[in-house]
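Below is one structure; the comments refer to it alone.
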Amino acid sequence: MRIVGLMSGTSYDGVDVVAAEFAVDGETLRLRPLGHLGLDHDAGLRAQIQAVLPPHPTTIEAVCRLDNRLGEVFADAAARGVELAGGRVDAVVSPGQTVFHWVDGGTVRGTLQLGAPARVAARVGAPVLSDLRAADVAAGGQGAPLVPAFDALLLGGEDGPPRAALNLGGIANLTVVAPGAPTLGYDVGPANALLDAAARRFLGRPCDLDGARAAAGRVHPGLLELLLAEPYYAAPPPKSTGKELFHAGYLDERLAALGAPVAADDVLATLTELTARTVAAACDRHQVAEVVAAGGGVRNRTLWGRLAALGAGRWRLRTSDELGVPAQAKEAYAFALLGWLSWHGLPGAVPSVTGARTATVLGSWTPAGPARHAPPVAPPRRMVIVS
């Protein structure tokens, strides 16, 4: 089965596109990567997304316009994915752009992703799976993170100490896989979310490329102390977060509380240290022996260097590329897997991760012609990447 997976994360800088082929061999699911690419959003679309994100006020008209514009963008991306797959796919997974994650007292009440899946289905002529988080939320879960289903299959099935999968997107999330124990996963805190907000505010750029400006700065102890005092870090999992908490206004409030200006490079250095420390603390808490990292943050040399230094002697740090999964496209491959699971009527959310009452089959299908029925298969127990 061939599936195109799309991913536009909390950094909202572009769409990751992958094509994957899945085949079942007994209890093993074989994933063959067929190609991936990244498509950058233009400045106008990034501004349009930012305008509807908290804490900005918005209108139903603005949401409707953005929903359909994103649908066109995702449709173009899906068409490129079909090309990667050789011109034919069975399904597309288009999870959409998260614009709000409604958390009330630690309980997720709702979640909203935009991206007009009907436009994607009309463009590529294949059924589209979207709205992947709502079913888990309806079952009492956080609706996030969803990538641990992929991590559990990829890292599981081996004896030894716990291993972790780390994603450094807008938000840093961690999956912990240990023999004989339920999979654990949660959002640790901001990765690129606050860094990118600071880059836009102080540098007039979408990001601090390679962490160069952070490397030129110094960690500001007072600012770091204020940032680390955030109650979210001490909350036990299951938990999830996003830019409804960690946004530009959040950073502005902490800077204002200092009562004295902080140089731009020092702000970036401090935010980099915040991510490194919170991630390292989570890895230490779970006593992992290895951390397999992916996401845009692995390209930030300053952040990568701090993580390696904090984990030295305790856990090995490497990228998912070493396991055959491109670090820049791992989440898109994970969503392709979730599409395969949903196609076969298998749960994609992990209750021990999201806190849901039961494991749910994820997403809503938008057809592109007659309904198709997949033959029943047993849930896989492991996954291997084939070349």
Side-chain angles (χ1 to χ4, degrees), residues 3-20 36-54 62-63 65-81 84 92-101 111-121 123-124 128-134 143-147 150 167-173 187 190-193 196-197 200 206-207 240-244 246-247 294-297 299 326-339 362-364 366:
I3 299 178
V4 167
L6 307 180
M7 179 61 190
S8 180
T10 49
S11 294
Y12 60 87
D13 52 0
V15 186
D16 293 322
V17 186
V18 304
H36 68 278
L37 53 88
L39 303 174
D40 293 337
H41 290 331
D42 61 48
L45 179 56
R46 291 197 300 271
Q48 195 173 353
I49 295 170
Q50 183 180 12
V52 306
L53 294 176
V63 171
R65 288 177 180 274
L66 179 59
D67 183 41
N68 284 275
R69 184 175 179 190
L70 283 169
E72 294 172 352
V73 169
F74 294 146
D76 291 341
R80 297 289 300 276
L84 293 174
V92 174
V93 182
S94 184
Q97 178 67 54
T98 297
V99 293
F100 194 73
H101 201 58
T111 186
L112 181 62
Q113 289 75 42
L114 303 182
R119 292 187 177 274
V120 182
R123 176 68 183 277
V124 300
V128 175
L129 186 71
S130 62
D131 194 22
L132 279 84
R133 304 186 188 278
L146 296 181
V147 174
F150 181 95
N167 184 69
L168 294 169
I171 299 298
N173 41 63
D187 289 342
N192 299 322
D196 290 350
R200 286 190 291 270
C207 67
S240 58
T241 189
K243 287 190 174 178
E244 66 280 351
F246 296 112
H247 51 71
R299 293 178 294 188
Q328 303 307 316
K330 180 195 158 188
E331 282 196 297
Y333 277 114
F335 277 98
L337 167 69
L338 295 178
L362 300 179
S364 301
T366 299

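Everything numeric here is computed off the predicted structure, so don't read it as measured data.
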Full working for side-chain contact (heavy atoms from CB on, under 4.5 Å) between Glu72 and Val120: CA-CA 7 Å; Glu72 294 172 352; Val120 182; over 6 Å; no

Using a 4.5 Å cut-off on heavy atoms from C-beta on, say whether the side chain of Tyr333 contacts that of Pro326. yes

So which atom in Val99 and which in Pro54 form the shortest heavy-atom distance, rounded to 0.1 Å? O-CD, 3.7 Å

Looking at every heavy atom in both Phe150 and Leu337, which two are closest together, and how far apart are they? CA-CD2, 3.5 Å

Return yes if some donor-acceptor pair links the side-chain N/O of Asn167 with the main-chain N/O of Ala172 below 3.5 Å, else return no. no

Tell me whether Lys243 contacts the main-chain N or O of Thr10 through its side chain, where contact means a donor paired with an acceptor under 3.5 Å. yes

Report yes or no: does Asp67 contribute a side-chain atom to a donor-acceptor pair with the main-chain N or O of Ala116 at less than 3.5 Å? yes

Side-chain contact test, heavy atoms from C-beta onward, threshold under 4.5 Å: evaluate it for Leu132 versus Leu338 and give yes or no. yes

Set of residues satisfying side chain to side chain donor-acceptor pair (under 3.5 Å) with respect to Arg119, sequence neighbours excluded: Asn68

Given 3.5 Å as the limit, does a donor-acceptor pair link the side chain of Asn192 with the main chain of Ser11, or not? no

Give every residue pair that meets the salt bridge (Lys or Arg N to Asp or Glu O under 4.0 Å) criterion with at least one member in residues 37-50, sequence neighbours excluded. Asp42-Arg69

Atom CZ of Phe74 and atom OG of Ser8: how far apart are they, to the nearest 0.5 Å? 4.5 Å

Would you say that Leu66 contacts Leu45 through its side chain, given a criterion of any heavy-atom pair below 4.5 Å between the two side chains? yes

Rounded to the nearest 0.5 Å, what separates atom CD in Glu331 from atom CG in Asn173? 6.0 Å

Can you check whether Val73 reaches His41 side chain to side chain, under 4.5 Å on heavy atoms? yes

Derivation of the side-chain contact (heavy atoms from CB on, under 4.5 Å) call for Leu114 and Val63: CA-CA 8 Å; Leu114 303 182; Val63 171; 3.9 Å; yes

Scanning both residues in full, the closest heavy-atom pair of Ala134 with Thr111 reads N-CG2, 4.3 Å

From CG (Asp196) to CG (Asp13), nearest 0.5 Å: 7.0 Å

Are Leu53 and His247 close enough that some pair of their side-chain heavy atoms sits under 4.5 Å apart? no

Quick one: are Val4 and Val17 in side-chain contact, heavy atoms under 4.5 Å? yes

Restricting to non-hydrogen atoms, name the atom on Ser94 and the atom on Leu6 that form the minimum distance, rounded to 0.1 Å. OG-CD1, 3.7 Å

Taking C-beta and beyond as the side chain, do Thr241 and Ile171 meet within less than 4.5 Å on heavy atoms? yes

Could you tell me whether the side chain of Ser240 reaches within less than 4.5 Å of the side chain of His101, counting heavy atoms only? yes

Rounded to the nearest 0.5 Å, what's the gap from CZ on Phe335 to CG on Asp16? Could you check? 11.0 Å

Applying the side chain to side chain contact (heavy atoms under 4.5 Å, CB included) test to Arg133, which of Leu362, Thr98, Leu112 qualifies? Thr98

Closest approach of Val18 to Ala329 (non-hydrogen atoms, all atoms of both residues): CG1-CB, 3.6 Å

Check whether any side-chain N or O of Gln97 sits under 3.5 Å from a backbone N or O of Gly115 as a donor-acceptor pair, and report yes or no. no

Does Gln48 offer a backbone N or O that forms a donor-acceptor pair with the side chain of Gln50 under 3.5 Å? no

Nearest heavy-atom contact between Val92 and Ala78 is CG1-CB, 4.0 Å

